[in-house]
> 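Can you read through this structure? Questions will come right after.
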There are 2 protein chains.
Amino acid sequence: MITKESIFESHLKTKGLKLTPQRKAILEEVFASHEHFDIEELFANLRNKGKRISRATIYRTLPLLVESNLIKEAFRYQDKVSYEHIFGHGHHDHLLCIKCGRIIEFMDEKIEELQEAVCKKYGFKPTEHRLGIKGYCKKCISHE
Amino acid sequence: MITKESIFESHLKTKGLKLTPQRKAILEEVFASHEHFDIEELFANLRNKGKRISRATIYRTLPLLVESNLIKEAFRYQDKVSYEHIFGHGHHDHLLCIKCGRIIEFMDEKIEELQEAVCKKYGFKPTEHRLGIKGYCKKCISHE
DNA sequence: ATTTTAGTTGAGAATGAGTCGCAATTAAAA
DNA sequence: TTTTAATTGCGACTCATTCTCAACTAAAAT
């Protein structure tokens, strides 16, 4: 069975790296919720569970999770990078409320196709794409 | 006649600010080429033309140009923010080659419409959207 | 004309996210 | 048991960006 642990471990193996307790703890914490998260939150959550893992280790581990295709950088908001899961989640884009910070995920197959078509037109081989729409969510419009 | 100067000046006026020589020089330099630029480049270009304007002033001025709707943040690449013109240029999105750094601008009316539709669906009032596709450009694919 | 008032600037200090060097630690392989 | 190589935490460091502040406009008020 393919689990996030097995994916992570095999990626580490290809780089001659080990699945240490710290890396395992970070992996678990990352997948402990389904929310977007940033590094500072992750650090704090680990602390709250008594895991004293240094920021440096977290900063070193997240790129490994990204390379493993388990998570990805989702967007930036107020100069912080937010990450989200890939494992167990389909691709989607984001609406981001600039007033309350709410994040709405959406997925539009037609938009995806059109993006493909654009790439084809320019002979471009995409590896990643990101569509982010900033504005005001329903609640924040009505409370204005 | 509406010029970038008049737009900038009237925006400044609404905030009780003045169009100083420094701000004017920055405005001109920003529009001196049609390329994307980052702050360090702008600073260097001004220096090369003998204008010794401090980084602080540039950092203070760019947000004013953004508020004036003359320029906008286009994308981030290697932790640098790239800006581009709005004045005199239609909206477009970007293909960014992660090998050679080439930027291809594109615009797809259909994608724009679909984004509008998504916003409508969620009762979301968009103020800005950004679609960036990273990958390999034509040249970099064939040279691999 | 002189003074007030308020915005502006440059220099450098301060901030803060992210990175790096290093000595101590761990664990697998020999 | 020894060797070897990866790993960790700490704190120093970097680098973009922001802030502070004293000196400097320039327009408005007197």
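Labels below follow one simple rule: chain letters A, B, ... track the order of the sequence lines, proteins then strands, and each chain is numbered from 1. Heavy-atom basis, side chains included; hydrogens, waters and symmetry copies ignored.
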> Atom CD1 of I26(A) and atom C1' of dG9(D): how far apart are they, to the nearest Å?
12 Å

> Of P21(B) and I39(B), whose closest DNA chain D nucleotide lies nearer the 5' terminus?
I39(B)

> Tell me which nucleotide among dT7(D), dG9(D), dA26(D) gets nearest to the side chain of I53(A).
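Of the options given, the side chain of I53(A) lies nearest dG9(D).
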
> Measure from OH on Y59(A) to P on dC13(D) and round the result to the nearest Å.
19 Å

> Once you round it to whole Å, what is the distance between C1' of dT17(D) and CG of D38(B)?
13 Å

> Within this structure, what is the NZ-to-P distance between K80(A) and dT17(D), rounded to whole angstrom?
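About 18 Å, once rounded to whole Å.
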
> Below the 4.0 Å mark, does dT7(D) have OP1 or OP2 next to a side-chain nitrogen or oxygen of T20(A)?
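Result: no.
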
> Where each residue is assigned the nucleotide of DNA chain C containing its nearest heavy atom, which of Q22(B) and A56(A) is assigned the position nearer the 5′ end?
Q22(B)

> Give the rounded distance in Å between these two atoms: CD1 of I58(B) and P of dA16(D).
13 Å

> Find the distance K24(A):NZ to dT8(D):P and express it as a whole number of Å.
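Distance check: K24(A) NZ to dT8(D) P gives 13 Å.
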
> Among R23(A), E67(A), K13(A), K24(A), which residue satisfies the side chain to side chain contact (heavy atoms under 4.5 Å, CB included) criterion with F8(A)?
R23(A)

> Report yes if some heavy atom in the side chain of F43(A) is under 4.5 Å from a heavy atom in the side chain of I53(A); otherwise report no.
no

> Cation over ring, K4(B) on F31(B), under 6.0 Å and within 45°?
yes

> Can you classify the ring geometry of F106(A) versus Y122(B) as parallel (below 30°), tilted (30 to 60°) or perpendicular (above 60°)?
tilted

> Along DNA chain C, 5' to 3', what are the outermost nucleotides having an atom less than 4.0 Å from a heavy atom of chain A?
dA17(C) to dG21(C)

> 5'-most contact on DNA chain C: R76(A) or R55(B), nearest heavy atom basis?
R55(B)

> Going hydrophobic residue to hydrophobic residue with side-chain gaps under 4.5 angstrom, can you get from L65(B) over to I86(B)?
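Different clusters.
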
> Would you say R60(B) reaches dT18(D)'s phosphate, i.e. side-chain N/O to OP1/OP2 under 4.0 Å?
no

> Heavy atoms from C-beta onward define the side chain here; which of dA6(D), dG9(D), dA26(D) lies closest to that of K18(A)?
dA6(D)

> Whole-Å distance between dC10(D) C1' and R52(A) CZ?
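The distance from CZ of R52(A) to C1' of dC10(D) comes to 13 Å, rounded to the nearest Å.
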
> So among F75(B), Y77(B), Y83(B), which one has a ring-ring contact (aromatic ring centres under 6.0 Å, His included) with H36(B)?
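Running ring-ring contact (aromatic ring centres under 6.0 Å, His included) over F75(B), Y77(B), Y83(B) with H36(B) returns exactly one hit, F75(B).
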
> For the pair made of CG in L19(A) and C1' in dA6(D), what is the distance, rounded to whole Å?
13 Å

> Can you see whether E84(B) engages H94(B) through a side-chain donor-acceptor pair at a distance of less than 3.5 angstrom?
yes

